[in-house]
Amino acid sequence: MAIITNEEINEIRNKANIVDIVGSYIPLTQRGRNYLCVCPFHDDHSPSMSVSDEKQIYKCFSCGNTGNVFTFVQNYEDVGFIDAVAIVAEKCGIDIDKNKLNSNKKTINKEEFEIMNLTEKFYQNNLKTEFGTTAMDYLNQRGISEATIKEFGIGLSLDNNDSLYNLLLKKKYSANKMLEVGLISQTEGRNYDMFSRRITFPLWDKDGNIVGFSARIYRNEKNTSKYVNSRETKLFKKGETLYNYHHAREFVKTEKSVIVVEGFMDAIRLSIEGVKNVVALQGTALTKEQINLLKKLHVKVILCLDNDTAGETATLSNGEQLLKEGLEVYVIRLSGEKDPDEYILANGIEAFKNNLNNPMVFFDFKINYLKKNKDLSKTNDLALYVNQVLEEVANSNDNILIELTLKKLSTDYDLSIDVLKEKLKDFKKVVIKEVKTVDRIVKRKKDAYLLSADKILYFMLNGGEYIDEYRKKLGFFDDALHREIANEIIYYYQNNNNINPADFITYVSDKETIKNEVMEIVSNGMDDDVSIEIMDGYINRVDKIMVKNEIQKLKIELKNETDANKKIKILDRITELKKVD
Ligand SMILES: [Zn+2]
């Protein structure tokens, strides 16, 4: 099968201007020869990212994220390299062969995903058979149409507990494989379908691959749990997925927000009603991985969890975590029904949209939450409440929010604003002490040799004349890493007949050992002037240091050498080297 070649990839990169592509995601302002923007890869409040039109490279001075146009899209969209190439091509109006792109993609877990797809089809088909009538009635009753069934891959596991097992066996899949992906279970040497007698809902990973199923009863059945979920497998890691994430992604962009609900039925219900920027936790507490998925959407988060104590407590803790990660957080608390699904069924989508259009900022939610279980007409409770609010306010850098909150406290509870301000100062002191230092990149201290060697490699990336200069005047490096990169550069140039930093980054992107070093070299050199004279300066420095090191080494050898003849030879070599120096 044809694949997309490196030449074609470089051609796309050369046609795409990194300034336009980055600018299509984040506003840029020109500063001198570069463009500046707020870095999307860390919690950035002042523009820390620099984009070079000349070098077609970007870098963040704060978090260190760097690379070319493909790296940027990969990081921003959280996609693989080939997908990033496709996105860049599309943004530039370049037509590329989709089949070629697909054959470039590395397919891990190919067989596993095939089984899952086959299973989904089997379940879906069951719904259409005579065994599916009751289940279809149930779904229709719940307002789930044919279109929704198709969109969400809803299906039915049959009443006997080995029909899937037998089907997969016929398709030549081993019982071990089925066990591995969690579709069957084994008892006393017999294999049983994991799901039976239930309506099935596929669960996807962030890219839309089916990784598991959730299945619920649909008839009046006692003595069995309402839901059965896939167990954790190599495909399905519950804490690492958000239900509907791959569907929601494109809608999140236009809505500029993502709604987070608890159950997948809530997400399906909202989708049915046209609110498609929604993901479900499949639980109450957000995990670190789920927070990362939300961060990658680059939009505000609206928490709309269940209308119970657990949902309220989870709103508080999830909201705090999201805030800590620099996300903008809003809250919707529905009243009456237990979750968004039932709320919409009872009150209609317009009632929900009223809430959606006026979400609470998380701060207001928290201030309200603090009133819980307190009787504010009692002095003790009121004092505790005011102190807790001030503690909250002390964490904020938003002067308007601080001012408004103090005023509100002052009027609502008849307190002197000066006293409140005094008290706030005390809390601020504590906060400042606790402020965590931003995780800036800890740079390895480089000595003069390494710094100059980096520069030489950077020059070599700027054209054949610099590569020739290296080969003529230096030819090697003392350390293996720089030697290896130099060889890669020479190899690349010989094969492509031209070279530039941005293309070379693509070339090393799958060479784990040298990738990071090359990224660092390129990002450090981004604004350097490039000329043979400047390069010669670095070559001289590296040469001198290497000679000095060699002499040092020989002197140690000399000390340890007992053979007189060999001693003379070493001495000769030292004298010779000193002449060069
Ligand atoms: Zn950054």
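Numbering of ligands and ligand atoms starts at 1, following listing order.
- Near-neighbour remark for the Zn ion (ligand 1): protein N, O or S atoms under 2.8 Å are Cys39 SG, His42 ND1, Cys60 SG, Cys63 SG; waters not counted.
- One finds no salt bridge joining Arg483 and Glu488 here, because no Lys/Arg side-chain nitrogen approaches an Asp/Glu carboxylate oxygen to under 4.0 Å.
- The residues Asp454 and Lys446 are annotated as salt-bridged, a charged nitrogen and a carboxylate oxygen being separated by less than 4.0 angstrom.
- The side-chain contact (heavy atoms from CB on, under 4.5 Å) search around Ile94 returns Ile12, Lys15, Ala89, Cys92, not counting sequence neighbours.
- With respect to Tyr470, the ring pair (Phe, Tyr, Trp, His ring centres under 6.0 Å) criterion is satisfied by exactly one of Tyr538, Tyr493, Phe477: Phe477.
- Taking Tyr245 as the reference, nothing meets the ring-ring contact (aromatic ring centres under 6.0 Å, His included) condition, with sequence neighbours excluded.
- Applying the side chain to side chain donor-acceptor pair (under 3.5 Å) criterion to Asn516, with sequence neighbours excluded, gives no partner residue.
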